[in-house]
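Data block below; observations after.
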Amino acid sequence: MKKENREKSIKPLDIDETLPHQISAPSFEGTGIKMEAPFVNKHGVVIGDSMYASRNSPLENWTDETNPEIMSGDEWVHPTNDIGWNTSENKELLEKKRKPNAAPFMHPSKDVGKGTD
């Protein structure tokens, strides 16, 4: 998605780097991934608002002449409010990005106890 289209953002839906309106949505807290607000793509469709329907969407205006290719590409996928984040594989990717929360007893990135036992 081009930056100029993302600048046409809508109010963010996240609270403390989570999407509480989605029961299975993972938390992005501590992953380094910044939650992004919904945006309007070049077709005038809001992406990432969790409504999944838009008056301007080709899905809402489908005809026999509609080419399905019109709905392909990054402009149709929200980087942080996408149903794909709810899969176990993607939740695992987020977990791998989190640093251990063991302070003040551990170094944040070095395991100084490794091999000492």
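Starting from 1, each residue takes its place in the sequence as its number.
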* M71 and its side chain to side chain contact (heavy atoms under 4.5 Å, CB included) partner, picked from L59, T66, V45, N41 ->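 Passing option: L59.
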* Asked: Per the side chain to side chain contact (heavy atoms under 4.5 Å, CB included) rule, which among E89, E95, K96 passes with E92?
  ->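 Considering E89, E95, K96, a side chain to side chain contact (heavy atoms under 4.5 Å, CB included) with E92 is found only for K96.
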* Would the number of heavy atoms belonging to other residues, nucleotides or ligands and lying under 6.0 Å from CD of E69 be above 12? ->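 For E69, atom CD is not crowded (no more than 12 foreign heavy atoms under 6.0 Å).
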* Crowding at NZ, K91 (>12 non-hydrogen neighbours, <6.0 Å) ->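 Counting neighbours around NZ of K91, more than 12 heavy atoms of other residues, nucleotides or ligands fall under 6.0 Å, so yes.
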If every non-hydrogen atom of [X] is compared with every non-hydrogen atom of [Y], which pair is closest and at what distance?
| X | Y | result |
| --- | --- | --- |
| P38 | G48 | CG-O, 3.3 Å |
| E60 | A53 | OE2-CB, 3.7 Å |
| W76 | P58 | CH2-CD, 3.5 Å |

Calculate, to the nearest 0.5 Å, the distance between atoms [atom1] and [atom2] belonging to [X] and [Y] respectively.
| X | Y | atom1 | atom2 | answer |
| --- | --- | --- | --- | --- |
| T80 | L94 | OG1 | CG | 10.5 Å |
| N56 | N61 | CG | CG | 7.5 Å |
| F39 | E75 | CZ | CD | 8.0 Å |
| S54 | H43 | OG | NE2 | 11.5 Å |
| L93 | I33 | CG | CD1 | 8.5 Å |

* Check whether any side-chain heavy atom of E36 lies under 4.5 Å from a side-chain heavy atom of H78, and answer yes or no. =>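 The answer is yes; the side chains approach within 4.5 Å.
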* Asked: Can you find a pair of side-chain heavy atoms, one from P68 and one from W62, that are under 4.5 Å apart?
  ->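 Side-chain contact under 4.5 Å: yes.
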